[in-house]
Amino acid sequence: MADFLIGAATAAHQVEGNNIHSDYWIMEHVKHSDFTEPSGPACDHYNRYEEDIRLLAEAGCNAYRFSIEWARIEPEEGRFDEAEIAHYRKVLDCCRSSGITPIVTLMHFSSPAWLISRGGWGTAKVAPLFARYARYVAEQLGDGLEYICTINEANMGIQLHKVIEDMMKAGKRQEGGVQVGQNNGLDIKSIALGMLEQGKAFRVNPLKINSFLKPRDEKTERFVMQAHEAARQEIKAVLPDAKVGLTLSLFDYQPTEQGKNNAARLWHEDYGWYLPYIKNDDFLGVQNYSRKIVDENGVREPAEGAPLTQMGYEDYPAGIGHVLRRVARSFPGELIVTENGIGTDNDARRCEFIREAFAGVMAAKDAGVPVTGYLHWSLLDNFEWQAGFAKTFGLIAVDRSTMERRPKESLRVLGSLRGA
Ligand code: BGC
């Protein structure tokens, strides 16, 4: 257990604050924005990372997953900002001097605004651009990078695509259909106006605003995989010993007797389709938040009375153990739980969730699954994308009027797992 990584995860845009060169900054600030609120100063983690890492270490944790913001490193195409690299070097140094292993993500949903003007994640141009940024980070941060996730939840575009399909079939939007925070309260007119405004701001056709969290089909998904492979190659050329992988959002699909074909198809779309592109990676970041029961008609709504999280999907901590076992049947490398968590304002429930989820992870490990870490989402109550700050996944509460931190009992519970 001494080497097992236990800690928490964050993403730059959700916690750092003032990510002004990013696509999200534009999308949050157009008049008819589809965000419930802008990220603004977020949790001011950019200035308070030392305190946040100290709290994590004091609780007994030994790992921290965070992301480097591409829009800070390369705010204009081809112009790399050394001062921002120096910032992330300090974050890495802080981790190390606190006994914390850093796990770095190069792209956690937000991209530089200029990338969207160049076609974003919807064109083949993204691969060399992303690889150049990845190489720059690898060269500048050097052997400070031990574990590198190129892309967070590379399969999210496909999942969003499925949600839109389901919505069209059902004639309504399904709460909790996708894992990431969405704003479901918008009318069609303001969606259309918002798209026009974004098109103007990015100087692209409003139907071609390819930020990362947009529905994608298989063709455009290949561009994402090309970006991953190109980045992996560049990183490995500079840092042959760094471990490189990506992360996937993986539901625990549980079929009824008649639902087996549908569940197999969904699992293939979320995971199997990616395998040829990731099988040479050093590790896979496994991210699970819930289960879905699948019958002959597709995914069922959660049963009447099933406990739900703030996100509208089922509170189901056993999911992560199941998904790890399933992935281990075909993925040849190391597995790390790079996210798992619960949106709730009931921290006692979060404590139980952590204990139950971790028991599932340990049982999988004991059964031979090569899992080497558990990173809980999230270190801080943060900006849940389109859903704003109302969803609380954090182990630490943040008073956003003063930015004061209040560690919750769940942080202590997480840290105590190392001695378990
Ligand atoms: C994402 C996070 C998000 C979390 C909770 C994951 O999909 O990687 O950015 O905040 O789920 O919804």
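We count ligands from 1, going down the list as the structure has it; atoms in each ligand are counted the same way.
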Nearest protein heavy-atom contact for [atom]: which residue, which atom, what distance?
atom                    : result
atom 1 (C) of ligand 1  : Glu339 OE1, 3.3 Å
atom 11 (O) of ligand 1 : Gln179 NE2, 3.1 Å
atom 4 (C) of ligand 1  : Tyr289 OH, 3.4 Å

Before signing off on this row, confirm whether Tyr313 and ligand 1 have an N or O atom pair separated by under 3.5 Å.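 By distance alone, the answer is no.
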Polar contacts were defined as any N/O atom of the residue lying under 3.5 Å from an N/O atom of the ligand; does this apply to Asn382 and ligand 1?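 No, no N or O pair falls under 3.5 Å.
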Does any donor atom in the side chain of Glu314 or Ser290 lie under 3.5 Å from an acceptor atom in the other side chain?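 No, because no side-chain N or O of Glu314 sits under 3.5 Å from a partner of the opposite role on Ser290.
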Heavy atom of Lys391, distance to ligand 1 below 4.0 Å: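 The answer is no: ligand 1 sits nowhere under 4.0 Å from a heavy atom of Lys391.
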Which of the atoms of ligand 1 are close to [X], meaning less than 4.0 Å from one of its heavy atoms?
X      : value
Asn152 : 8 (O)
Trp385 : 2 (C), 3 (C), 9 (O), 10 (O)
Met311 : 12 (O)

Quick one: do [X] and [Y] make a salt bridge, cutoff under 4.0 Å?
X      : Y      : answer
Arg89  : Glu84  : no
Lys31  : Glu197 : no
Arg132 : Glu74  : yes

Under 6.0 Å between the ring centres of Trp114 and His21?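 Between His21 and Trp114, which both carry aromatic rings, the centre distance is not below 6.0 Å.
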Would you confirm whether the ring centroid of Trp377 sits within less than 6.0 angstrom of the ring centroid of His108?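 Between Trp377 and His108, which both carry aromatic rings, the centre distance is below 6.0 Å.
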Atom 12 (O) of ligand 1: which of Glu384, Gln159, His108 has the nearest heavy atom?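 Heavy atom nearest to atom 12 (O) of ligand 1 belongs to Glu384.
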Can you spot which of Ser22, Ser111, Ser110 makes a side chain to side chain donor-acceptor pair (under 3.5 Å) with Glu69?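 When side chain to side chain donor-acceptor pair (under 3.5 Å) is applied between Glu69 and each of Ser22, Ser111, Ser110, only Ser110 qualifies.
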